[in-house]
There are 2 protein chains.
Amino acid sequence: MISRDHATLRLAVDLAILTVRESALQVLTITRANDPFRGQAALPGGFTRTDEGIEVAAKRELLEETGLDGAGMHLEQLSVYGEPFRDPRGRVVSVPYLAIMPDLPVPTAGSDASTAAWRPVAEVRGTLAFDHDEILDEAVERARRLLEFTTLATAFCEPVFTIGDLRAVYETVWGEPLDPRNFSRKVVNTEGFVEETGEKRLPGVGRPAALYRPGGQKDLNPPILRTR
Amino acid sequence: MISRDHATLRLAVDLAILTVRESALQVLTITRANDPFRGQAALPGGFTRTDEGIEVAAKRELLEETGLDGAGMHLEQLSVYGEPFRDPRGRVVSVPYLAIMPDLPVPTAGSDASTAAWRPVAEVRGTLAFDHDEILDEAVERARRLLEFTTLATAFCEPVFTIGDLRAVYETVWGEPLDPRNFSRKVVNTEGFVEETGEKRLPGVGRPAALYRPGGQKDLNPPILRTR
DNA sequence: ACAAAAGTGTTCCTTCTACACCCATGA
DNA sequence: TCATGGGTGTAGAAGGAACACTTTTGT
């Protein structure tokens with residue numbers, strides 16, 4: 001039985017899970033199996049449980065809906081959505097999180113996740129259930145800013161990656177081309193951004209690129225500012 | 001009757017209201033009149049009402065507890081605090097907001113507000129009820145960052161102010177001295193940060209300073225970065 | 001040899017920093 | 001005339017943007 005009164009307040013978490021895939025910024029969406037908005041695309045999420053912390057709930061939903069273990073993953077909390085009538089079922093306040101991951105196939109483990117799929121952000125904008133379009137916009141904007149001031153771009157990449165891979169992340173998320181030569185220097189010279197592995201990637205074509213691991217640093221100092 | 005079960009979830013808003021006063025960063029605190037934490041200092045706040053939006057609730061609490069009308073005021077949402085046992089009364093999730101205002105006397109309008117008072121941040125750190133110490137730390141850190149990337153420093157000032165006043169805000173919030181000459185140039189040359197009034201302030205001593213109004217711009221481009 | 005991607009060196013230009021110096025007022 | 005805070009000029013340092021050029025691979 002679903003509550004319809006507004007005196008009873010429930011807390012939900014939603015997840016804007018972003019990746020770079022096929023040269024496009026993509027987001028993990030599910031197709032809603034139940035009313036309201038049955039059949040429509042939405043961000044994965046669900047209600048928090050009694051005595052469950054909010055970030056814990058977010059990681060649990062991540063696992064349930066995508067089969068991905070978010071144990072070590074960075075979740076970035078976005079602003080809370082609590083308009084009284086945002087959910088037709090009653091008073092639901094949502095705490096949305098931004099998660100960033102490499103281009104992995106969706107394991108489709110849980111029951112709800114059977115419909116989980118990567119979709120290009122440009123394609124889903126304006127089509128999501130509830131106020132998830134707003135959440136997605138905020139997530140993308142946050143991701144853009146995180147690339148400027150933190151080393152989180154490496155979270156879009158595989159465990160080892162080339163500077164070219166990393167540059168592709170910046171170019172895709174920011175939607176603007178960057179000078180490969182200046183970018184390379186900036187990244188390599190920034191203490192703690194990336195760490196050499198000593199290996200090289202066998203190329204399809206061109207000179208093999210050096211492979212790197214994420215460095216220890218979280219904040220990017222100096223930042224890599226985009227030209228506005 | 002206060003609920004003690006955790007199945008019933010209630011949503012609260014808390015306010016970290018900052019000002020610069022007597023050359024120190026100060027925060028508005030109340031002394032709790034009721035258990036839990038009776039007699040201890042805390043941030044003003046309260047529960048949201050049925051069918052009331054969250055930011056609306058924050059502005060209502062601001063009015064009730066300080067007598068200040070936050071109609072046009074910028075409220076900056078901080079991260080949500082929802083640990084299951086953060087409030088001994090039951091499951092309470094708090095949405096904290098940062099508010100910035102000039103050094104106004106606290107009107108002490110509402111009943112709860114009789115104990116409202118400005119206190120230096122340095123003095124109250126570690127003494128607040130609930131997890132309000134954490135919230136305050138986050139608020140101060142956010143305020144520091146806002147000064148770098150937005151024009152919100154003007155919110156600490158009276159409706160008209162001198163560049164010296166504005167510099168005092170930066171120095172107090174950042175806790176480091178700035179070069180008055182370079183600061184002045186940077187502010188005046190940044191499009192939309194401040195706007196000349198044509199007036200001058202009658203000085204106690206020294207050359208009279210030009211008076212300015214806040215400019216139209218919200219974001220600060222280029223940013224005023226502090227040296228870390 | 002050629003195409004393509006990786007990476008280095010160098011030049012130009014903008015911005016920041018430090019500080020010498022001048023300005024306008026009260027005591 | 002001196003102290004004090006407001007404000008301009010300017011030289012040097014630092015960092016970013018643009019781009020010529022070299023390196024290393026596959027075909």
Study note, to complete from the structure: Atom CD1 of A/Ile163 and atom P of C/dT8 are separated, to the nearest Å, by 10 Å
Check your understanding: Any ion pair linking A/Glu171 and A/Arg167 (charged N to carboxylate O, less than 4.0 Å)?
Key -> yes
**Study point:** B/Arg142 and B/Glu76 ion-paired at < 4.0 Å
**Key:** yes
Check your understanding: Does A/Glu64 pair with A/Arg60 as a salt bridge, N-O distance under 4.0 Å?
Key -> yes
Review point. Once you round it to whole Å, what is the distance between P of C/dC19 and CZ of B/Arg185?
Key: 14 Å
Exercise for review: Specify the separation, in whole Å, of atom CG of B/Asp179 and atom P of C/dT15.
Suggested key: 19 Å
Review point. Looking at five pairs on each end of the helix from C/dA1-D/dT27 to C/dA27-D/dT1, what is the angle between the two axes, given to 10 degrees?
Key: 10°
Point to revise | Rounded distance in Å - CG (A/Leu178) to P (D/dG16) | key: 13 Å
Exercise for review: List for me each residue that meets ring pair (Phe, Tyr, Trp, His ring centres under 6.0 Å) alongside A/Phe130, sequence neighbours excluded, and say none if there are none.
Suggested key: A/Phe37, A/His132
Revision key, fill the gap. In whole angstroms, the gap separating P of C/dG7 from NZ of A/Lys186 amounts to 17 Å
Tabulated below should be each protein N or O lying under 3.5 Å from an N or O of nucleotides 24-27 of chain C; please produce it.
{"unit_1": "C/dA24", "atom_1": "N3", "unit_2": "B/Arg207", "atom_2": "N", "d": "3.4"}

Practice item. Show your working on side chain to side chain contact (heavy atoms under 4.5 Å, CB included) between A/Ile54 and A/Tyr97 and close with a plain yes or no. Key: CA-CA 10 Å; A/Ile54 304 174; A/Tyr97 284 87; 3.5 Å; yes
Practice item. Decide side chain to side chain contact (heavy atoms under 4.5 Å, CB included) for A/Val140 and A/Asp137; before the verdict, give the C-alpha distance in whole Å, the side-chain angles of both, and the deciding distance to 0.1 Å. Key: CA-CA 5 Å; A/Val140 170; A/Asp137 281 352; 5.8 Å; no
Review point. So does B/Arg167 get a side-chain nitrogen or oxygen closer than 4.0 Å to the phosphate oxygens (OP1/OP2) of D/dG6?
Key: yes
Review point. With a 4.0 Å cut-off, would you call B/Arg144 and B/Glu148 a salt bridge?
Key: no
Practice item. Could you please name the option among D/dG7, D/dG16, C/dA6 that lies closest to any side-chain atom of A/Ala209? Key: C/dA6
Point to revise | Rounded interatomic separation in angstrom, taking CG from A/Leu220 and P from D/dG16 | key: 11 Å
Check your understanding: What's the CG-P distance between A/Leu225 and D/dG16, to the nearest Å?
Key -> 8 Å
Review point. Got a donor-acceptor contact below 3.5 angstrom from the B/Thr31 side chain to the B/Gly39 backbone?
Key: no
Exercise for review: Verify, without hydrogens or angle tests, whether B/Thr162 (side chain) and B/Asp165 (backbone) share a donor-acceptor contact under 3.5 angstrom.
Suggested key: yes
Review point. Please give, in whole Å, the distance from C/dG7 P to A/Arg201 CZ?
Key: 11 Å
Exercise for review: Go through C/dA18, C/dG7, D/dC19 for me and flag the one nearest to the A/Asn182 side chain.
Suggested key: D/dC19
Point to revise | Minimum-distance nucleotide to A/Arg181 side chain [options: D/dG16, D/dC19, D/dT8] | key: D/dC19
